[in-house]
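Let me begin by presenting the structure, written as structure tokens, before commenting on it.
Positions are given from 1, in the same order as the sequence printed here. For clarity, every value in this text was computed on a predicted model and none was experimentally measured.
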Amino acid sequence: MLTISPRLCKFLIETTKTADIEAAFSKIFRDYIDLKLKYLNETIKYFEEKWGMDFESFRKKTKSEYSYEVEKDFWEWEEAESLKKYYMEIKNSWM
């Protein structure tokens with residue numbers, strides 16, 4: 001059982017304009033996941049436009065390149081791809 005302060009309950013219900021706390025949490029959670037996915041998709045799109053290819057092509061093409069820009073973009077892009085997959089799995093299991 002989860003205990004939530006009355007103040008937080010009131011805030012969640014007012015903010016989400018829902019009738020009960022469970023619906024409020026569900027809405028907040030869905031909105032959070034959607035915002036995370038939107039940000040990750042924008043990040044991925046930025047790298048795809050910057051490098052003119054998708055991540056797998058970038059991974060293969062730059063496998064032996066070791067410039068700071070390539071390494072930095074690789075790690076940021078890989079993180080965005082991994083997090084997108086993670087949040088999509090959560091979204092699909094939740095909704």
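Hydrophobic clustering, with ILVMFWY side chains joined whenever heavy atoms are under 4.5 angstrom apart, groups L83 together with F29. In terms of hydrophobic clustering, with Ile, Leu, Val, Met, Phe, Trp and Tyr side chains grouped at heavy-atom distances under 4.5 Å, Y39 and L35 are assigned to different clusters. Residues Y86 and L40 share a single hydrophobic cluster, defined by chaining ILVMFWY side chains whose heavy atoms lie under 4.5 Å apart. In the hydrophobic clustering of this structure, Y46 groups with M53; members are Ile, Leu, Val, Met, Phe, Trp, Tyr whose side-chain heavy atoms approach within less than 4.5 Å, directly or through other members.
One distance of note links CD1 of I90 with NZ of K36; it measures 10.5 Å at 0.5 Å rounding. Between the CG atom of L37 and the OH atom of Y32 there is a distance of 10.0 Å, given to the nearest 0.5 Å. Between the CZ atom of F11 and the CD1 atom of I28 there is a distance of 7.5 Å, given to the nearest 0.5 Å. Within the model, atoms CG of N41 and CD of E48 stand 9.0 Å from one another, a figure rounded to the nearest 0.5 Å. Residue K17 holds its NZ atom at 10.0 Å from NZ of K27, rounded to the nearest 0.5 Å. Note that NZ of K84 and NZ of K91 are 11.0 Å apart. Values are rounded to the nearest 0.5 Å.
Inter-residue side-chain proximity for F47 and F58 is flagged as unmet; no heavy-atom pair is nearer than 4.5 Å. Proximity of W51 to V70: side-chain heavy atoms (C-beta onward) are separated by under 4.5 Å at one or more points.
Considering every non-hydrogen atom in both I21 and C9, the closest pair reads CD1-CA, 3.6 Å. Shown here for L12 and T16, the closest heavy-atom pair between the two residues is O-OG1, 2.6 Å.
For CD of E78, the number of neighbouring non-hydrogen atoms (other residues, nucleotides, ligands) closer than 6.0 Å is greater than 12. Atom NZ of K45 sits in a sparse spot, with 12 or fewer heavy atoms from other residues, nucleotides or ligands closer than 6.0 Å.
Between the side chains of W75 and E71, at least one donor N or O lies within less than 3.5 Å of an accepting N or O.
Using a 4.0 Å cut-off between charged nitrogen and carboxylate oxygen, K72 and E69 do not count as a salt-bridge pair. Salt-bridge annotation for E42 and K38: present, with a side-chain N of the basic residue lying under 4.0 Å from a carboxylate O of the acidic one.
Remark: side-chain polar atoms of S26 are not paired, donor with acceptor, to backbone N or O of E22 under 3.5 angstrom.
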